[in-house]
Amino acid sequence: MAYDYSEMEKKWQTKWSDNELNIANRDDSKPKFMLIFAYPGVTGYLHVGHLRGYTYTDAIGRYKRMTGYNVLFPVGTHATGNGAISLASRVSNKDEDLIDYLIRNGCPEDKLEQLKDPMGVVNFFNDVYVNDYWKKFGFLADWRRFTCTLFPDYGKFIQWQFKKLKDANLLFQKPYFAPACPNCGPVAVDASETDISKGGNAETQEYTLLKFKCKDKYLVAATLRPETVYGQVCFWVNPEVEYKEIKKGEETWIVSSQAAEKLKLQMNNIEIVGTILGHDMIGWMCEAPMIHRDIPVFPAAFCNPAVGTGLVTSVPSDAPDDWISLEAVKKDPKMISEYGLSQELIDSVVPISIISISGYGDFPAKDMIDKFSIKEPGDPKLVDAKKQVYKDGYHMGKMKDTCGKFAGMRVEEAKDKMKDAMIAAGEAEVFHDLTEEVVCRCGQPVHIKKIDDQWFINYGDQELTDKTSEHCKTMDINPTEYYENIHGVLNWFRERACVRQGNWLGTKFPFDNKWIIEAISDSTLYPLYYTISLYANEGQIKPDNMTEDFFDYVVLEKGQLSDISEKTGINEELLEKIRKDVQYWYPLDINLGGKEHMTVHFPVFLMNHQAILPEKMQPRGILVNWYITGKKSKISKSKGGAQPIPGAAQKFGVDAMRLYYAHVASMFVDVEWDEDIVMTYRQRLDRIIGTVEDLITSESDIPKSDIDDWLMSRFNTHITEIRTAMEKYDLRATATVTYYEMLNDIRWYNRRGGKNKETLNNALRIWIQCMMPVTPHVAEELWNKAGFENFVSASQLPDADVISSSAEYGEELIREVMADVAQIEKVANVNAEKIVLYTSAAWKVNVMKFALEMKEENKLDIPSLTKRCMSDENMRKNGKAVSEFAKKIATEFSRSSIEEKRPIVDLDETALLRSAEEFLSSELGTPVKVYSADESDLYDPQNKAKIAIPGRPAILLE
RNA sequence: GCGAGGGUAGCCAAGCCUGGAAAAGGCGCAGGACUUAGGAUCCUGUUCUUAGUGAUACAGGGGUUCGAAUCCCCUCCCUCGCACCA
């Protein structure tokens, strides 16, 4: 049967909302539970993968409601940055790809006009996220509290946060190197090319400037690999290029003219004083830094004056360009004829092996030249060859014995050490450059400019790190691997630039308006703001009211009420209300986020809380969820590889998707998105709905019997299982119990002829409640159909009632008997016309009883049990059989728990199986007769009765 | 390389922290039932062997233990992160 899920969803979402189930208000009579998912960046349409974590959050929130908590689940969005600006500008420019993407995801054409404005973009997607995703997925979030990082009131909160950071001495300034246009100032270099017209993929690289003394001047080379200086054998100059001589303090440097311009931006007192042709420098000898050897200057055409300084030190062992150029130079007759160099000098230049990399020989550069079959300088394949050698060298390389005191170090470590050593010795300086040409929108070239007064947050602060680390030990952080690992992450975290300039949306830095707080720094303390945003959204407080005093009072409880009221213009009553709200809801119980947050968001979230808020407001839990990945890793939001979320919801039904997320795998593994799998969850829901509907409409009602006890016991066991699983937020285990085990139990109950109205009603009630967190719409629909009161979403899950292990065990036994019969029929290939079951002789039960008693006293072993049995006169008659059996039981019982074995002993197997004779006969399609082995006149032609043991009736097929 | 996670049946995936029964559940596959307005449903089976038994598995190797998928060591393979990007 096909159900109209989307109608069901709409119906209940409306009713929940009409009845304000999602609203969370302070209620001092109830314990609170506050949870969020890390809000998403407003960067376009989301995909089905994102809903995984969001769904967990809602499901956990719903479970918490059902177990007595007053739950606050607020949502918001993060729009700081230039994403919206860029999207708007692309819409304005009628970027076809983008417009196509928008339309395909359901953007109405008449909205495109709105999207030409950045804030229009933000508002548009805020609306999409809330209304098309979260509400449609049935989330019970308190929408009144929705906030976005670009809302003015949010900005006031962030400014307050930064004031507190400053008070805590965690803000400081130091120089920083940023891309800038000479006309427009700092610009954002990113792939969307918002500020720039060319070079969006450029990255900032740190070069080390190496100074080669040459009489009274310095040749200055820029290198990315200062660790290779021990391999320097010559120096490259492009003979065709005209270089500049610049005055840098007392020194005279030679660099390309482009480099001279860039250096002016990054260093003080740079002045161009002259020019010199590359050709004229060939044959010079210069002193290489660190190794202090004189090396010759050779010509090389690959020296690009636009890259670095246009001068290059040559390390042929590890630089493919150098290797191939050196080979070329050695064969070039012009070296002697034109430059007048001696053959001896040329021959003396040989590569020095300096770095060992596993998988490479002495000269990694040579290996790559061969691998890429590069024959001459200028081969375009050199770019890749270089990349490969650099990467492998950096990550896997070790310095060889030729590298002086750096021998044996990993390259990663040696790199900084050697750079620092040369800087300290005055032989090197740092220089920043972009990896490719970047041009500003205004047409000017963009270069790296030194910013002297960049602000940082000092996450490296040891005291803060230690405090945070210590607090983490008390937190509920899942998975446990992350709980253990977070200390390392916190330690690794250093200072971080927290403001930027240029074309960015965000909150102004409170201490200097020219700065805008950057995107990570303004989203660390924000969960706290959800306790306040309500009042701003409702207009009860205005951004102007939200001063430092205001937040100090409501959050930190600083100041006198009357005084603060006067200063902020907020009446005392409201101030108190807000303060109490904040104190009631905070701390945050769960912050749930994708695994990408483990190294950035979560640490700063924790550290900001620690830096600003008192101990009682520190977060209590972090939950990390892994991803839904694309089949060929292509469900990224920008590529449009995935189906839009509303389409998927329509196709599968929201609850089927929620169940899929909850059950397909643990939270802590990546899952490949597979529509067929989602469909199987839809079918499972169909089946459950069908089953429940049948039960509801069924007219029959027969008196209770053992099977009713069994069903109630099972369901109470399941309640316990679910409560235990949810302690760890294990939705998967919860879903297995609810959607598989409980359904199976209902089926078995039916099969066993159970039809008692009251039992079924009780069971249904529990079952539907268990469904509520994961599949709320279906649960609500069934709850309603079953005639239960109010909403299941507002109901309370009962505590587990009576659990009868003997009732549960009895049914297990019946199932085992059926399985055994089937097994024998199959193996023996017989079609029985008559089945006889023999239950164990009573003395065997007694042996087990003894064993159990002895186990309880912790005295169980083979000799004692045997002795104990032999002290019983009746048993002694059976001497040999008893001792053998006792031996077996002693071993078996010592390996299992008392709880496991007790039902075997307690159960009256004969009575149970007799009562099931009719059932077994009909199920097996063969008449079944039950005897006890102790009966005197039993039918036992094959002498089977004696092999029966408790828990394992003997079986005869005829 | 450093850091983290992982390698369980045809596939996905529990179990591993807290060692104690071929190993949940799902998918797929096979047989049967019921039906063919369905991406159906129900039952049974799905390592080998076998009157319900027994044997053997948890990347590979070694160790601890009465007993290991689970704890320890080594090796191989896979995935992710390595920063200013949210």
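These numbers come from a predicted model, not from an experiment. By convention in this document, chain letters (A, B, ...) are assigned in the order of the sequence lines, proteins followed by strands, and residues within each chain are numbered from 1.
- What separates OH of A:Y627 from C1' of B:U79 is a distance of 13 Å, to the nearest Å.
- Near RNA chain B, defined here as any heavy-atom distance below 4.0 Å, the residues from residues 947-957 of chain A are A:I947, A:R952, A:P953, A:A954, A:I955, A:L957, listed numerically.
- When all heavy atoms of A:M771 and A:Y739 are compared, the pair lying nearest together is O-OH, 3.0 Å.
- Closest to the side chain of A:R496, out of B:C85, B:G5, B:G39, is B:C85.
- Contact annotation for A:V411: no contact, since no heavy-atom pair falls under 4.0 Å across all strands.
- For A:E741 and B:A24, the CD to C1' distance is 8 Å, given to the nearest whole Å.
- The main-chain N or O of A:L525 is never found under 3.5 Å from a side-chain atom of A:N608 such that the two would form a donor-acceptor pair.
- Side-chain proximity of A:R410 to the nucleotides B:G1, B:G25, B:A86 is greatest for B:G1.
- When all heavy atoms are compared, the tightest approach of A:R225 to A:D318 is NH1-O, 3.5 Å.
- Between A:L731 atom CG and B:A13 atom C1' the separation is 16 Å, expressed in whole Å.
- Although no hydrogens or angles enter the test, the distance criterion places no donor-acceptor pair under 3.5 Å between the side chain of A:E721 and the main chain of A:T724.
- At whole-Å resolution of the value, CG in A:D686 and P in B:A40 are 11 Å apart.
- Look at A:Y739 and the base of B:G26; the rings do not stack under the cut-offs of 5.5 Å between centres and 30° between planes.
- Between A:K946 and A:D940, no side-chain nitrogen of the basic residue sits less than 4.0 Å from a carboxylate oxygen of the acidic one, so the salt-bridge criterion is not met.
- One interatomic measurement links the two molecules: CE of A:M598 to P of B:A4, which rounds to 12 Å at whole-angstrom precision.
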Original post:
Reading RNA chain B 5' to 3', how would its secondary structure be written in dot-bracket notation, given Watson-Crick and G-U pairs with both distances under 3.5 Å, brackets [ ] for crossing pairs and | for partners on other strands?
Top reply: ((((((((.[[[..)....(....]]]((((((.......))))))((.....))...[[[[[..)....]]]]])))))))....
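- When the C1' atom is compared between B:G62 and B:G10, the two are found 31 Å apart, to the nearest whole Å.
- For A:F456, the ring pair (Phe, Tyr, Trp, His ring centres under 6.0 Å) partners at least two apart in sequence or on another chain are A:F172, A:Y176.
- Residues A:K174 and A:E495 are paired through a salt bridge, judged by an N-O separation under 4.0 Å between the basic side chain and the carboxylate.
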